[in-house]
Amino acid sequence: MGFADIYRRSIEQRDEFWAEQAQLVHWESAPKQVCDYSRPPFAKWFAGGTTNLCYNAVDRHVGAQGDKPALIYVSTETQQERVYTFSELQAEVQRMAAILLGLGVKKGDRVLIYMPMIAEAAFAMLACARIGAIHSVVFGGFASVSLASRIEDATPKVIVSADAGSRAGKVVAYKPLLDEAIRLSKHKPQAVLMVDRGLAPFDKAEGRDQDYATLRERHLQAKVPCEWVDATHPSYILYTSGTTGRPKGVQRDTGGYAVALAASMKHIFLGKPGETYFSTSDIGWVVGHSYIVYGPLIAGMATIMYEGLPIRPDAGIWWSLVEKYKVTSMFSAPTAVRVLKKQDPSFLKKYDLSSLRALFLAGEPLDEPTAQWIAEGLGRPIVDNYWQTETGWPILTICNGIEKAPSKFGSPGKAVYGFDVKLLDENTGEELKGANQKGVVAIEGPLPPGCMQTVWGDDERFVNTYWKSIPGKLVYSTFDWGIRDEDGYFFILGRTDDVINVAGHRLGTREIEESISSHPNIAEVAVVGVADQLKGQVAMAFAVPKDASGLVDEAAKLKFEGEVMKVVEQQLGAVARPARVRFVTVLPKTRSGKLLRRAIQAVCEGRDAGDLTTIEDPTALQQIRELVGG
Ligand code: ATP
Ligand code: MG
């Protein structure tokens, strides 16, 4: 069967298809039903079946490969490197599970994990899964206000944290931020479990704060059995990264997620037991959940957990790890590749990368120059994949485990099995079936296994936010624009809220960005729509030049601006020409590498920039503020 047939089967004979995939994981008792979609848009996958995520990720592999690497922890911040075998990981997870049980955590209770990229964070996630507790990992880069709102929403019984993270050698204390967040939150945890790395001394709240090392000593021999939970039991809550508005608690199930990840490891990420997976993401993001912790381990692979920057001690660090641990699949983001692109390209050639089957990239549009640079530099295949926190695994990509289809620059690929992806007219809801028509990327329900069950504690918000934005239809909106070519390849054109309306013409900011980026001296650019009395909106561009040495004065900048405008005019037409192209040294991004267009737009319109706790470099917004005179 070719991919097209398998894809069709996954949609038309959904239950049979997924019943087969379900055999990739361990079931303590078999599901009674594959998909219960009697109450759309709420899908229940594998209801009646019992399983456990931790069992599938850890215990299941102890028999056949107990002494093989499971978790490889590398920190270039604290110069630590430690390999945990599956047996050792099982022991650590049981210790952590025993500690959590001792602190009163029961099945269904929430445990909030606010931690840097250390092995204990993975132990904590797996320990929660083991005992049926629901974890909510909050990215370590968040400060107290965002953390407080997540504590209030998830109402955790216990919070697991650490004294500090470290970034580029600088200690970032977590504990004061956590203390402040708990103070701000109406909900208070019963206990705070502190992993003390010895990086930053901290105040201890008597009766509340517990020391992990001390409790671990008491539970060295702990045996904590896996709690068999129903497939529909929530495994975790993860708040979306927050590029657009108030964060939503994405709630994930257990059985569907295990099946979806196991299948994706086989068909998309090409992982086999005994091999090594390296995802450069952070456990605070969905990629970290699916493809640092659960996916690779479920597949019986070793997974690398890396704390540090891609360019320290030098830009060869990642590739040295690929060589050392014979990494077979690697997962990163275009933004990280762009960081490397500013470094000496010889680092890409310095190590033996022959073990690497492919580098997978996701999280934002992969522009052609970046894709080409890394593909040529590494001499390995590059595979783009498009998905969301909400879906938990790829919606669009090339499933190389099923067919060796060529990739096309600028396209993350075709609809993945299980995802009934449609392009819809945003006003009429009509399906756009022809090639190269632009519409909203939508998914017909039920969403496949592994996708969000609901918004934590707010079913109504789940329905209203995701399923009611297209008129006349109950259909899931990704809130991204896309087109599909005659071969079924999709191209993502930007977010539906990134569209600007210039004198009645609707323009995607992303199309303008692509055009500006094609100028040889532009490294990166952000385009936003700014309110304008005359035209409704105008496009404003903020660009980072590759070489700014010529931009010595206003006249030079204006000349360069004119050049860039000309490129847009030639490629897209005068209507798409931005009102201004301003030059900056850095763009405001989240710590996960996403452009904060919403914040740039707010600054340009003289409004409050909103929640900026995830911002990578606050000076980036300051530069824009100064340019627009705000
Ligand atoms: P929030 O939903 O809180 O505003 P977010 O959408 O940035 O935050 P994520 O779920 O991490 O949070 O990101 C998913 C979005 O990232 C997609 O909807 C899409 O806009 C973009 N994206 C992800 N992968 C790709 C890709 N390969 N190509 C193009 N865009 C991508
Ligand atoms: Mg989103």
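As a basis for the values below, the full set of heavy atoms in this structure was taken, side chains included, without hydrogen atoms, waters or symmetry mates. All ligand and atom numbering here is 1-based and tracks the order in the structure.
For the pair Asp480 and ligand 1, the shortest N or O to N or O distance falls below 3.5 Å. Checked by distance only, ligand 1 and Gly363 come closer than 3.5 Å through their nitrogen or oxygen atoms.
By the 30° and 60° cut-offs, the orientation of the rings of Trp318 relative to Tyr306 is perpendicular.
Other residues, nucleotides and ligands contribute more than 12 heavy atoms inside 6.0 Å of the NZ atom of Lys404. Around atom NZ of Lys44, no more than 12 heavy atoms belonging to other residues, nucleotides or ligands sit under 6.0 Å away.
In the candidate list Arg510, Glu390, Arg495, Arg495 is nearest to atom 15 (C) of ligand 1, counting heavy atoms.
Both the backbone and the side chain of Gln388 come within 4.0 Å of ligand 1, judged by heavy-atom distances. Only side-chain heavy atoms of Asp384 come within less than 4.0 Å of ligand 1; its backbone N, CA, C and O stay farther off. At a heavy-atom cutoff of 4.0 Å, ligand 1 is contacted by the backbone of Trp387 but not by its side chain.
For the pair Arg150 and Phe142, the cation-pi test (distance below 6.0 Å, angle within 45°) is passed.
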Dump the intermediate steps for salt bridge (charged side-chain N to carboxylate O under 4.0 Å, His left out) on Lys589 and Glu524, then the final yes or no.
CA-CA 12 Å; Lys589 287 185 185 172; Glu524 248 187 314; 2.4 Å; yes

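Atoms of ligand 1 found under 4.0 Å from any heavy atom of Pro365, numbered from 1 in the order shown, are 28 (N), 29 (C), 30 (N). Residue-ligand proximity, Asn385 to ligand 1, at heavy-atom distances under 4.0 Å covers atoms 24 (N), 26 (C), 27 (N).
Partner of Ser264 under the side chain to side chain donor-acceptor pair (under 3.5 Å) criterion, chosen from Trp393, Tyr417, Tyr291: Tyr291.
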